[in-house]
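Sharing a structure below in structure tokens format, with a few things to ask.
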There are 2 protein chains.
Amino acid sequence: MTHQLRVDARENRDRVLAAARELFAKSGLEVTMRQIARRADVGPATLYRRFPTKQDLVLEAFEDELVECSSIVYDGAADPDPWRGFCDVIERTLLLNARNQGFTDAFMSAHPDVVDFEAHREELGRVVSTIIRRAQAAGRLRPDFVFDDFVVILLAGRGLTAAPAPTRDAAVRRFAAFMIDGLRVADREPRTQAGSAAGEGSSGPRPHPRS
Amino acid sequence: MTHQLRVDARENRDRVLAAARELFAKSGLEVTMRQIARRADVGPATLYRRFPTKQDLVLEAFEDELVECSSIVYDGAADPDPWRGFCDVIERTLLLNARNQGFTDAFMSAHPDVVDFEAHREELGRVVSTIIRRAQAAGRLRPDFVFDDFVVILLAGRGLTAAPAPTRDAAVRRFAAFMIDGLRVADREPRTQAGSAAGEGSSGPRPHPRS
DNA sequence: AACGTAACGGACGCATGCGTCCACTTGCCG
DNA sequence: CGGCAAGTGGACGCATGCGTCCGTTACGTT
């Protein structure tokens, strides 16, 4: 179907993709098509011919990440230990998102005009919901945890992309660890039920006794 | 010292500040000086005369937030219950940051070219460290928690500004609750010591036992 | 009422990003 | 080895943001 590219064209295309991945990861989706072209040592027209839309470029540049995202989620769903599966999904997803400013932007639809990952989001969302229910059925995940909470945690992880790069992974792992500690049911006292995440004001349940 | 402004000038100035606060809160620091001027129904020159630099405008627009930030921290330090003080600081800081995209940007130096809150950051940082030590001395906060972890949590909260506005406060409170649950020391088994947040690779301590 | 000046906003020149067009280059096939 | 279509990158026109200049308006004072 697709015409076979001439070898120099193929090379340029690959360089463009490499540049895009690099810049997207470092600086998010706000990088300019021009910047990518410059980095790839290519004229703007070449870039636009191969990828007429930024969306096209983003989709292809993040193909690996999308695959990994699927792996993470399906691995989690397949883990014989529901709790470990859940924890791994949380940690690995956070790591993936924190490493890749651009991917987070894309997946969270931070720039709806540029990319639409709605389809992927919905599919993975279903699987994650399954994982959540499974972990709760096993009595390990607090029963008031809902899918929206997962999204909230991912959103939070997005903020961590701002952490200084050298210590970022460590920070993310640490953050994930704290978070997970807050999500597991207490070893002794079974936690009381509480309402869902979104929708009600400050009069809602107070999930954390402070006294 | 400062010349008394003419009444119309004073009005315009106030309108500019109102517009700036509104736009900064909603869309972060990336809003244009022009946009602010337009919203305030004022020419660009007027805006620039009153606030020659975006930094000037930001500093004055966020004066209230800076004050509240101080209140939060000093309130926390003054609370007779060290743990409650710590929890309040976490929750209120997260709420403040999530409500105000622009303030978060400013405080986290997301746009270092535009604003420099270094001074404020350092002062508040010292107080927060005190709060942390106090909560730990009381045996309520996990002993491996360090100031950098606090920053990490704030960074995470920054991501929550992306949550849909109507449910944001609820989401933030919920997030804070989970987080706090993960930070308190377990009721029964005293937690083991662990290393500090930043600096070491994946071989570091695993603060959360998963099995 | 008249005047001097603070205050105003439109307009300018510069920079940058956008997507497209086109004259030149170059790989590939006969 | 020659021709041609695929491929290329520079340049263009448009849009927008920036900070500044300057002729006009109108406040407040005398």
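Residue numbers begin at 1 in each chain, while the letters A, B, ... track the order of the sequences.
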Checklist line | Spacing between Gln4(B) atom CD and dA6(C) atom P, to the nearest angstrom | finding: 14 Å

Check: How would you list all residue pairs meeting salt bridge (charged side-chain N to carboxylate O under 4.0 Å, His left out) that involve residues 36-63 of chain A, not counting sequence neighbours?
Finding: Arg13(A)-Glu60(A), Glu22(A)-Arg39(A)

Item checked: Length of the line joining Phe51(B):CZ and dT20(D):P, which is rounded to integer Å -> 16 Å

Item checked: Euclidean distance, atom CG of residue Asp41(B) to atom P of dG10(C) [Å, nearest integer] -> 9 Å

Note to self: Could you tell me how far apart Ile36(B) (CD1) and dC18(D) (P) are, to the nearest whole angstrom?
What the structure shows: 9 Å

Item checked: Candidates dG28(D), dG9(C), dG7(D) - which lies nearest the side chain of Val7(B) -> dG28(D)

Notebook entry, point to check: Expressed in angstrom and rounded to an integer, what is the separation of Gln35(B) atom CD from dG19(D) atom P?
Noted result: 13 Å

Check: Counting side-chain heavy atoms from CB outward, which of dG10(D), dC12(D), dC8(C) is closest to Arg34(A)?
Finding: dC12(D)

Check: Which of these nucleotides, dG17(D), dG7(D), dA11(D), is closest to any side-chain atom of Arg38(B)?
Finding: dG17(D)

Next item on the list: Would you tell me if any nitrogen or oxygen in the side chain of Asn12(B) comes within less than 4.0 Å of OP1 or OP2 on dC8(C)?
Entry: yes

Margin query: Salt bridge check, Asp181(A) against Arg142(B): does any charged N sit closer than 4.0 Å to a carboxylate O?
Written below: yes

Item checked: Derivation and outcome, salt bridge (charged side-chain N to carboxylate O under 4.0 Å, His left out), residues Asp75(B) and Arg92(B) -> CA-CA 11 Å; Asp75(B) 283 1; Arg92(B) 293 175 64 194; 3.2 Å; yes

Notebook entry, point to check: Quick one: is dG7(D) close enough that its OP1 or OP2 comes under 4.0 Å of any side-chain N or O from Arg49(A)?
Noted result: no

Next item on the list: Quickly work out the Tyr48(B) OH to dT20(D) P distance and round it to whole Å.
Entry: 8 Å

Checklist line | Between P of dC18(C) and CG of Leu29(A), the distance in whole Å | finding: 13 Å

Check: Should Arg134(B) and Asp81(B) count as an ion pair when the cut-off is N to O under 4.0 Å?
Finding: no

Note to self: Counting only side-chain heavy atoms from C-beta out, which of dG27(C), dC18(C), dA6(C) sits nearest to Met33(A)?
What the structure shows: dC18(C)

Item checked: Selection from dG17(D), dG7(D), dA7(C) that lies nearest to any side-chain heavy atom of Arg50(A) -> dG7(D)

Check: Reckon Ala45(A) touches a base, only the sugar-phosphate, or nothing at all at heavy-atom distances under 4.0 Å?
Finding: base

Checklist line | Contact under 4.0 Å: Thr46(A) side-chain N or O vs dG7(D) OP1/OP2 | finding: no

Margin query: Classify the ring geometry of Phe145(A) against Phe86(A): parallel below 30°, tilted from 30° to 60°, perpendicular beyond 60°.
Written below: perpendicular

Next item on the list: Quick one: label Arg10(B) by what it contacts on the DNA or RNA (base, sugar-phosphate, nothing), any heavy atom closer than 4.0 Å.
Entry: nothing

Notebook entry, point to check: Should Arg6(A) be listed as having a side-chain N or O under 4.0 Å from OP1 or OP2 of dT26(C)?
Noted result: no

Note to self: Measuring from the side chain of Thr32(A) (C-beta onward, heavy atoms only), which nucleotide among dG17(C), dG9(D), dG19(D) has the closest atom?
What the structure shows: dG17(C)

Checklist line | Ring centre gap for Phe24(B) and Phe103(B) strictly below 6.0 Å | finding: no

Margin query: Measuring from the side chain of Pro44(A) (C-beta onward, heavy atoms only), which nucleotide among dA5(D), dC8(C), dT20(C) has the closest atom?
Written below: dT20(C)

Next item on the list: Using atom CZ of Arg13(A) as one end and atom C1' of dA6(D) as the other, report the distance to the nearest whole Å.
Entry: 16 Å

